[in-house]
J.: 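One structure, pasted below without further comment.
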Amino acid sequence: MAVLGRLLRPRTTALYTIRTFCSSYSTSSPPSSSEIAVIPPLPAFGKITDGRNVQWVFLGCPGVGKGTYASRLSKLLGVPHIATGDLVRDELSSKGPLSSQLAEIVNQGKLVSDEIIINLLSQRLEAGEAKGESGFILDGFPRTIRQAEILEGVTNIDLVINLKLREEALLAKCLGRRTCSQCGGNYNVACIDIKADDGNPAMYMPPLLPPANCASKLITRSDDTEEVVKERLRIYNEKSRPVEEFYRMRGKLLEFDLPGGIPESWTKLLQVLNLDDHEDKRSAAA
Ligand code: AMP
């Protein structure tokens, strides 16, 4: 258990000695947008009140788009985007001592043990801290109540964004996911076009196609097969859904229903977070 100790050890650095941001916005009025926000709109900010960077978490089912929005926000806010799935895949491709054990777990759609994942995350946080990183956006962690409790015990998470998308879109999005083996760019070949029914609005998510120079180099994640995605969704409901409640009870959960494709969803997310993407505006005006 020495590995867990590293994350559990009380820290005195910026990453771990911060007060809860939530308390500073818990009294403003609720949003009027279509998203069900459990917490009110956030004040405009880049850094939060005591000068440190944000410490946010993204929750949501496989395929919902955590990586897409977490990486955009991390660029906007100048904090690292740390995806535990990426840490697991890096470990797998390093062919280190853990890789065969991890390959079996990941390819079955199961969760890696809390101990292994906390060890990987702890190493990543320490390496970032040594490079002067502060703040983070976590994607794919915590995924169990135990992980959430451990994280809560060592640092204050400011905000947890729970991305939500209708179940029928999730499977299609996972099966359509592609990565360029050369540049690492992420694309999606699925075209999601769901008609309105029973009070649910229609939803259209166009494919995100690769540029010509990536098109011949696309690869699919080994755990993005129909059988494995269904198992990952089942495990999300069993092990990770309770984590939503964990943060809801602490007043940190922002529920965000994705309204459609990336441009529409990104604009709405920025609105709810009260953030401005100057880069987006510059490229739109160009
Ligand atoms: P992801 O890219 O987030 O879908 O993660 C890919 C795989 O890595 C998952 O299906 C799990 O096997 C493993 N994994 C990633 N994050 C965690 C976590 N927090 N706890 C346990 N296993 C994880």
Side-chain angles (χ1 to χ4, degrees), residues 3-4 6-8 55-71 73-74 80-94 96 98-125 136-155 157 160-165 167 169-179 184-188 219-244 246-247:
V3 285
L4 282 177
R6 249 185 297 164
L7 195 63
L8 287 165
Q55 299 194 146
W56 289 2
V57 163
F58 264 86
L59 294 183
C61 287
V64 75
K66 297 185 292 295
T68 302
Y69 299 101
S71 93
L73 280 175
S74 86
H81 164 212
I82 303 178
T84 45
D86 288 344
L87 301 181
V88 168
R89 281 182 288 277
D90 288 348
E91 186 64 31
L92 271 171
S93 56
S94 76
L98 282 178
S99 45
S100 61
Q101 188 190 342
L102 288 180
E104 205 178 315
I105 298 169
V106 172
N107 289 333
Q108 288 176 8
K110 309 277 187 232
L111 290 186
V112 169
S113 73
D114 291 339
E115 182 176 359
I116 290 178
I117 210 78
I118 285 167
N119 187 23
L120 292 175
L121 179 59
S122 167
Q123 284 172 15
R124 170 62 187 83
L125 288 171
F136 50 73
I137 297 182
L138 295 180
D139 154 8
F141 185 95
R143 253 171 157 112
T144 63
I145 289 287
R146 177 155 158 67
Q147 291 176 13
E149 283 168 350
I150 289 172
L151 187 62
E152 202 69 1
V154 292
T155 194
I157 295 301
V160 178
I161 302 172
N162 188 25
L163 291 187
K164 292 170 27 179
L165 191 58
E167 185 113 10
L170 294 170
L171 180 62
K173 279 197 71 204
C174 284
L175 299 183
R177 197 148 55 179
R178 301 286 183 276
T179 303
N186 292 311
Y187 307 103
N188 206 303
I219 50 171
T220 306
R221 268 171 57 168
S222 59
D223 56 346
D224 273 344
T225 63
E226 183 164 348
E227 189 191 0
V228 178
V229 172
K230 284 183 173 161
E231 176 63 2
R232 285 159 59 205
L233 287 168
R234 189 192 68 74
I235 292 200
Y236 185 87
N237 283 323
E238 181 189 314
K239 301 261 173 58
S240 309
R241 195 72 75 189
V243 177
E244 297 175 7
F246 179 92
Y247 287 116

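Indexing begins at 1, ligand by ligand and atom by atom, following the structure's order.
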J.: Please list the nearest protein heavy atom to atom 16 (N) of ligand 1 with its residue and the distance rounded to 0.1 Å.
T.: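 Here the nearest protein heavy atom works out to Thr84 OG1, 2.9 Å.
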J.: Number the atoms of ligand 1 from 1 as they appear, then name those within less than 4.0 Å of a heavy atom of Arg232, with their elements.
T.: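 Heavy-atom distances to Arg232 below 4.0 Å select 4 (O).
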J.: Check this for me: does any side-chain nitrogen of one of Glu244 and Arg241 sit under 4.0 Å from a carboxylate oxygen of the other?
T.: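 Arg241 and Glu244: salt-bridged.
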J.: The criterion is salt bridge (charged side-chain N to carboxylate O under 4.0 Å, His left out); which residues satisfy it with Glu238, sequence neighbours excluded?
T.: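 Expected list: Arg234.
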J.: Could you tell me, atom by atom, which parts of ligand 1 come under 4.0 Å of a heavy atom of Lys110?
T.: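 Close to Lys110: 10 (O), 11 (C), 12 (O).
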J.: For atom 23 (C) of ligand 1, which of Asp224, Ile235, Ile117 has the closest heavy atom?
T.: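 Looking at heavy atoms only, Ile117 sits closest to atom 23 (C) of ligand 1.
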J.: Got Phe141 and Leu151 here, is their nearest side-chain heavy-atom distance under 4.5 Å?
T.: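 The answer is yes; the side chains approach within 4.5 Å.
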J.: Heavy-atom contact under 4.0 Å between Lys66 and ligand 1?
T.: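 No heavy atom of Lys66 comes that close to ligand 1.
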J.: Only counting residues at least two apart or in another chain, list the ones meeting salt bridge (charged side-chain N to carboxylate O under 4.0 Å, His left out) with Glu104.
T.: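 Once residues adjacent in sequence are excluded, Glu104 has no partner under the salt bridge (charged side-chain N to carboxylate O under 4.0 Å, His left out) criterion.
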J.: Considering heavy atoms of the protein only, find what lies nearest to atom 5 (O) of ligand 1 and give residue, atom and distance to 0.1 Å.
T.: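 Answer, as residue, atom name and distance: Gly85 CA, 3.4 Å.
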J.: Looking at Lys173 and Asp224, does any basic side-chain N land under 4.0 Å from a carboxylate oxygen?
T.: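 No, Lys173 and Asp224 are not salt-bridged.
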J.: Kindly confirm or rule out an N or O of Gly140 lying under 3.5 angstrom from an N or O of ligand 1.
T.: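 Yes - when backbone and side-chain N and O of Gly140 are compared with those of ligand 1, one distance drops under 3.5 Å.
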J.: Considering only heavy atoms of Leu111, which atoms of ligand 1 have at least one such atom less than 4.0 Å away?
T.: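 Listed by number with element: 21 (C), 22 (N).
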J.: Between ligand 1 and Arg143, is the shortest N or O to N or O distance under 3.5 Å?
T.: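 Such a contact does occur with ligand 1.
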J.: Do you see a donor-acceptor pair shorter than 3.5 Å between the side chains of Asn186 and Thr68?
T.: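 Asn186 vs Thr68: no donor-acceptor pair found between side chains.
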J.: So if I count the atoms of ligand 1 from 1 in the order they appear, which ones are less than 4.0 Å from some heavy atom of Gln147?
T.: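 Under 4.0 Å from Gln147, ligand 1 has these atoms: 18 (C), 19 (N), 20 (N), 21 (C).
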J.: Are the side chain of Thr84 and the backbone of Gly140 linked by a donor-acceptor contact shorter than 3.5 Å?
T.: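 Pair found, side chain donor or acceptor close to backbone of Gly140.
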J.: Which residue and non-hydrogen atom of the protein lie closest to atom 13 (C) of ligand 1, and at what distance in Å?
T.: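 Atom 13 (C) of ligand 1 sits closest to the protein heavy atom Val112 CG2, 3.8 Å.
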J.: So, Gln55 and Thr155: side-chain donor and acceptor under 3.5 Å apart, yes or no?
T.: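 A donor-acceptor contact under 3.5 Å links the two side chains.
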J.: Does any N or O of ligand 1 fall below 3.5 Å from an N or O anywhere on Arg89, backbone included?
T.: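 Arg89 vs ligand 1: N/O contact under 3.5 Å present.
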J.: For Ala148, is there any backbone N or O sitting under 3.5 Å from a side-chain donor or acceptor partner on Glu152?
T.: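 It does not hold such a pair.
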J.: Below a 4.0 angstrom heavy-atom separation, can you tell me which part of Arg221, side chain or backbone, both or neither, approaches ligand 1?
T.: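 It is the side chain that gets close, since no backbone atom is under 4.0 Å.
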